Amino acid sequence: MIDWDSLIKAARRARELAYSEYSGFSVGAAAVTSDGRIFTGCNIENSSFGLAICAERTAVFKAVSEGYREIAGLVILTDNTPPSRPCGACRQVLFEFNPSMEILCVNLDGRRDMFRLGDLYPEPFTID
Ligand code: THU
């Protein structure tokens with residue numbers, strides 16, 4: 001069972017570290033691996049706007065680069081309503097590391113919207 005409350009707390013702390021100087025839109029993410037490790041991420045922007053990286057991908061890339069490739073669940077925390085869903089590029093990346101990942105989109109008011117990645121992204125790119 002995924003401890004969603006702990007993941008939300010981790011995503012909240014991660015969001016405070018967002019480098020969102022250009023959009024002003026801060027995003028926090030927390031990914032939990034199949035063996036219970038938590039990796040957090042925030043969005044990181046750049047004066048060359050197209051180089052921004054999303055919070056979800058920061059979290060997943062941190063996990064994978066530390067040797068954890070199976071992500072069971074992910075929280076994305078934003079300050080809007082409804083809470084933001086993962087962007088298309090992130091959906092493709094998330095799919096790589098668990099097509100049936102559980103994704104919880106949360107906002108600062110406590111709204112929680114739960115999804116299965118397969119529902120958000122039913123037809124991924126594959127090379128099979
Ligand atoms: N962003 C994310 O962190 N995750 C998404 O899924 C979409 C967008 C960030 C990128 C940019 O820093 C800011 O939100 C505004 O687009």
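As the structure lists them, so they are numbered: ligands from 1, and atoms in each ligand from 1. All of these numbers come straight from a predicted model, not from anything done at the bench.
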Next item on the list: From the options Thr58, Ile76, Asn43, select the one whose nearest heavy atom is closest to atom 10 (C) of ligand 1.
Entry: Asn43

Next item on the list: Using a 4.0 Å heavy-atom threshold (strictly under), name the region of Pro86 that reaches ligand 1: side chain, backbone, both or neither.
Entry: backbone

Check: Do ligand 1 and Cys54 have nitrogen or oxygen atoms that lie under 3.5 Å from each other?
Finding: no

Notebook entry, point to check: Polar-atom distance check: Ser23 versus ligand 1, any N or O pair below 3.5 Å?
Noted result: no

Item checked: Arg85 side-chain N/O to Pro83 backbone N/O, donor-acceptor pair under 3.5 Å -> yes

Check: Using 30° and 60° as the class limits, which term best fits the ring planes of Phe95 and Tyr121: parallel, tilted or perpendicular?
Finding: perpendicular

Next item on the list: Would you tell me which option among Glu45, Arg57, Arg15 has the nearest heavy-atom contact to atom 13 (C) of ligand 1?
Entry: Glu45

Notebook entry, point to check: Any N or O on Cys87 sitting closer than 3.5 Å to an N or O of ligand 1?
Noted result: yes

Check: Asn46 and Ser48: side-chain donor and acceptor closer than 3.5 Å?
Finding: no

Margin query: Restricting to salt bridge (Lys or Arg N to Asp or Glu O under 4.0 Å), what partner residues turn up for Arg111, sequence neighbours left out?
Written below: Asp113

Check: Is it true that the side chains of Asn80 and Thr78 contain a donor and an acceptor less than 3.5 Å apart?
Finding: yes

Margin query: Under 4.0 Å from atom 6 (O) of ligand 1, can you find at least one protein heavy atom?
Written below: yes

